[in-house]
Amino acid sequence: MTQTPPARRRNPWWIPPFLGRVPDLDPAHLRLLGFVALALLFEHYDISMITAALKHIARDLGMAESELGGYLSLVRLGAVGGFLLVALADRIGRRRLFLLAVTGSGVGTFLTAFVQTPGQFVILQMLTRSFLIAGFAVAIVVVAEEFPARHRGWGVGMLGALGAAGVGLGALIFAAVDVLPYGWRALYAVGLVPLLLLPRFRRNVPETARFRRHRESELARGASPGGRLAWLLPFVALLRTHPGRAGGLAALGWLSALGRMPVYAFTGYHLLEGRAWAPWQYSLLVAGGGAFGIVGNVAAGHLGDRHGRRLAGCALLALAPAFGWLLYRGGGLAIPLGWIGFVFCATGGHVILRALSAELFPTSQRSTAAGWLELLDTLGAAAGLALVGAAAQLVGGLAASVSWCALFMIPAGLVLFLLPETRRRELESLSHEID
């Protein structure tokens, strides 16, 4: 008797077909992924605004072009606070920290619409960035801890792709910046939306099973809470028990961001100011080209699950600078080709890094490790933005400076081979290894 092959799982409505088929996962996993990704969508939206609307913000608040790199660098440094926040997730739980991050980032985004000076803008965006980074880091940990090992890479990649849709949302709204009431300030009013959705996040994002077991084990042993500085204990343990992995992760985060962030941060300014593009042209590039580019998140997850995190990540990070060069130094069709290719490779490579940060460490340190990556990523991004500004006059302008800076992503890819391979391995087997 011929057996009927099982029906292929249909994608839920919120996963578009161009991102590929959903693997055989429990519906509870997909529901969790959907709500965590929805929160990240609004966080990506906020981050995209400072890139898209930089020209308008600078003109309204009186920021000189020579000061833009410094302002952006300071905003990025807000992730230092994010690292301090995300370490709390290893003490109070993933769910509580995630909800706190959604609330803080939503309030900060909304209040940005009312700033009057460059200083106010920078300070408020630094605070907002702290919550954004904490939300990113904990979201990766939630998916890594809840998804089965064989589909963990796919889950992290899909989370990145769905969250990155916030960049496209931002681009579509930005297209109307010249006709919206209050101009660029209206773009930040969207921060109210995740606050209105907070009750749904509370109902649909539970605590992870791994953290619950970890907490129950601690209570059964009568573990001491550790006093006022208890939230620092996971960080101390991270560096003490896995110094090699922590150092490798630090080098990955710093080098990759040093090359990646300037390309993203100055794209809007380069095209709108340097190439005299209209806002609708920039929006079409980001939304249209970015839709193809974010497939790199899912592709990286699949490639990492099939061929290994190290090989997939190295290939993506090594290719990204070539596309960044096309974006900033090319003309005509080279610009959208460069944008699509850079988004594909850069986001895909970053998915690999984030997956490793959640896979290489035990439950008691996992959120701290994710925050450690975000901290070094932020420091690398701040250094890259400052370097671009300082070197622009020496190498022939902003576009040339950004293009050369992107090359730092190549050595970042090579660092991957200094870390253990995590493909299809259970988290517990990885965390018990000694450096």
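Every heavy atom of this structure was used, including side-chain atoms; hydrogens, water molecules and symmetry mates were not.
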Applying side chain to side chain donor-acceptor pair (under 3.5 Å) between E359 and each of R152, R423, R366, report the one that passes. R152
Check: W14 side chain, G34 main-chain N or O, donor-acceptor pair, under 3.5 Å: no
For the residue pair R200 and F35, would you count it as a cation-pi contact if the rule is NZ or CZ under 6.0 angstrom from the ring centre and within 45 degrees of the ring axis? no
Do F201 and L38 come close enough that some side-chain heavy atom pair is under 4.5 Å? yes
Do the non-hydrogen side-chain atoms of Y71 and L385 ever get within less than 4.5 Å of each other? no
Atom CH2 of residue position W280 - does it have more than 12 heavy atoms of other residues, nucleotides or ligands inside 6.0 Å? no
Taking every non-hydrogen atom, the tightest pair across V22 and P12: CG2-CD, 3.8 Å
Ring center gap for Y264 and F342 short of 6.0 angstrom: yes
Measure the shortest side-chain to side-chain distance between L327 and I335 over non-hydrogen atoms and say whether it is less than 4.5 angstrom. yes
Is a side-chain donor or acceptor of R309 paired with a backbone partner of L356 at a separation under 3.5 angstrom? no
Please check if the side chain of Y328 supplies one atom and the backbone of V263 the other of a donor-acceptor pair under 3.5 Å. yes
As a test of understanding, state which of L195, L132, L197, L192 forms a side chain to side chain contact (heavy atoms under 4.5 Å, CB included) with F42. L197
Taking all non-hydrogen atoms of both residues, which atom of L249 and which atom of S357 are closest, and how far apart? CD2-CB, 3.8 Å
Over 12 foreign heavy atoms within 6.0 Å of CG, L196: yes
Name all residues meeting the side-chain hydrogen bond (donor to acceptor under 3.5 Å, both in side chains) criterion together with N204; count only those two or more places apart in sequence or in a different chain, and write none if there are none. none
Look at atom CZ of R59 and say whether more than 12 heavy atoms of other residues, nucleotides or ligands are closer to it than 6.0 Å. yes
If you count every heavy atom of other residues, nucleotides or ligands that lies below 6.0 Å from R275 atom CZ, does the total exceed 12? yes
Check this for me: W254, atom CH2, are more than 12 non-hydrogen atoms of other residues, nucleotides or ligands nearer than 6.0 Å? no
Tell me whether the count of non-hydrogen atoms from other residues, nucleotides or ligands lying under 6.0 Å of OH in Y182 goes above 12. no
Minimum side-chain heavy-atom gap D46-Q125 below 4.5 Å: yes
Any donor-acceptor N/O pair, R354 side chain to V156 backbone, under 3.5 Å: no
Using salt bridge (Lys or Arg N to Asp or Glu O under 4.0 Å) as the criterion, list what pairs up with R210, not counting sequence neighbours. E426, E428
Going by distance alone, is a donor N or O of one side chain under 3.5 Å from an acceptor N or O of the other, for T422 and R425? no
Tell me the closest heavy-atom pair linking D90 and R215, and the distance in Å. O-NH2, 4.3 Å
Donor-acceptor under 3.5 Å (Q120 side chain, Q116 main chain): yes
Minimal heavy-atom distance between L303 and A312, with the atoms involved, is CB-CB, 3.8 Å
How close do L419 and G248 get, counting heavy atoms only, and between which atoms? CD2-CA, 4.2 Å
Does the structure place the NZ or CZ of R329 under 6.0 Å from the centre of the six-membered ring of W325, at an angle of no more than 45° from the ring's axis? yes
So, for F136 and H44, is the gap between ring centers shorter than 6.0 Å? yes
